[in-house]
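Residue numbers run from 1 in the order of the sequence given. Owing to the predicted nature of the structure, the values given are computational and were not obtained by experimental measurement.
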Amino acid sequence: IEKDWGKSFPESWIWLHCNTFDTSEASFTFSVAKIPWLGSYFIGFISYLKVGRELYNFSTWSKAHIGSLKYRDNNLKISLVNKDLVLDVKATNNLPGNLRAPVKGSMSRMIKETVDASIQIELKDRSGLTLFNDTGRRAGLEIIDKMLGYFENPQQ
């Protein structure tokens, strides 16, 4: 059961989540959004990869950063970097449907969401040694196109 509190969502965001991996007991979540702050905004993100009992954190507040984020031909590619690790993610956006979202208290916004995305994750240490590599199925994915503009160069 999902519950969204408040009257509005951020202006733009990307959300990705998967609990169903092919060969391991793993869970992954990623969310990036334009966060209103003191009359301005910042782009903040939070991401976790849990493999067995290990929890890997890649988030704004933990001083990680988004090395790259690109969306082409229904494929979302994200590279997350912290002081010790690099997490590369590729998600394929399959069969998105319309979902209503709040705007100033009214459910008047339509966004695209899928719960049928596939995801490929590779976690490496800074020397390039692979610590985790797996494919996930039945992932949830929402992409608000405006968020892509904060990461991609339209000339590319």
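Hydrophobic clustering keeps L55 apart from F21 (ILVMFWY residues linked when any side-chain heavy atoms are closer than 4.5 Å, directly or through intermediates). Taken together through direct or relayed side-chain contacts under 4.5 Å among Ile, Leu, Val, Met, Phe, Trp and Tyr, L131 and V89 form part of one hydrophobic cluster. Tracing side-chain contacts under 4.5 Å through hydrophobic residues (I, L, V, M, F, W, Y), one never reaches V86 starting from F28; they form parts of separate clusters.
Here the straight-line distance linking atom CZ of F151 with atom OG of S68 works out to 10.0 Å at 0.5 Å rounding. Atoms CG and CG, on D73 and N93 in that order, are 12.0 Å from each other to the nearest 0.5 Å. Of the inter-residue distances, the one linking F132 atom CZ with T23 atom OG1 reads 6.5 Å to the nearest 0.5 angstrom. Here the straight-line distance linking atom OG1 of T92 with atom NZ of K90 works out to 5.0 Å at 0.5 Å rounding. The OH atom of Y71 sits 13.0 Å away from the NZ atom of K77 when rounded to the nearest 0.5 Å. If you take CZ on F58 and CD1 on I66, they are separated by 12.0 Å, rounding to the nearest 0.5 Å.
Through direct or indirect side-chain contacts shorter than 4.5 Å among Ile, Leu, Val, Met, Phe, Trp and Tyr, W37 is connected to I35, L38, F42.
Between I43 and Y41, some side-chain heavy-atom pair lies under the 4.5 Å cut-off. L49 places a side-chain heavy atom less than 4.5 Å from the side chain of L87. You'll find the side chain of H17 stays beyond 4.5 Å of the side chain of S31, heavy atoms only. Contact annotation: the side chain of W15 never approaches that of I143 to less than 4.5 Å [non-hydrogen atoms, C-beta and beyond].
Ion pairing between D22 and R137 holds under the 4.0 Å rule for side-chain N and carboxylate O. Ionic pairing of R126 and D84 is not present here: no N-O contact between side-chain nitrogen and carboxylate oxygen is shorter than 4.0 angstrom.
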CA sep, side-chain torsions, deciding dist, call: L69, L76, side-chain contact (heavy atoms from CB on, under 4.5 Å): CA-CA 7 Å; L69 188 150; L76 176 67; 4.1 Å; yes

Test log, rule side-chain contact (heavy atoms from CB on, under 4.5 Å), inputs K63 and N82: CA-CA 7 Å; K63 299 183 182 173; N82 69 19; over 6 Å; no

Check against side-chain contact (heavy atoms from CB on, under 4.5 Å), L123 and Y56: CA-CA 9 Å; L123 177 69; Y56 302 95; 3.7 Å; yes

Verdict with reasoning, D88 to K124, per salt bridge (Lys or Arg N to Asp or Glu O under 4.0 Å): CA-CA 8 Å; D88 290 320; K124 297 182 266 186; 3.5 Å; yes

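For the pair D116 (side chain) and R138 (backbone), a donor-acceptor distance under 3.5 Å is absent. No side-chain donor-acceptor contact under 3.5 Å links K146 to the backbone of L148. At distances below 3.5 Å, at least one donor-acceptor pair connects side-chain atoms of T60 with backbone N or O atoms of F45.
Pairing each heavy atom of L16 with each of A139, the nearest pair is CD1-CB, 4.3 Å. The two residues S59 and S47 make their nearest non-hydrogen contact at OG-N, 3.4 Å. Residues S12 and Y150 share a closest heavy-atom pair of OG-CE1, 3.8 Å.
Counting non-hydrogen atoms of other residues, nucleotides and ligands closer than 6.0 Å to NZ of K34 gives a total above 12.
The one candidate from I46, I119, I121, I78 that meets the side chain to side chain contact (heavy atoms under 4.5 Å, CB included) condition with F30 is I78.
Checking Q120 against N133 by side-chain atom types alone, a donor-acceptor pair falls below 3.5 Å. Donor-acceptor pairing under 3.5 Å is lacking for the side chains of N94 and T114.
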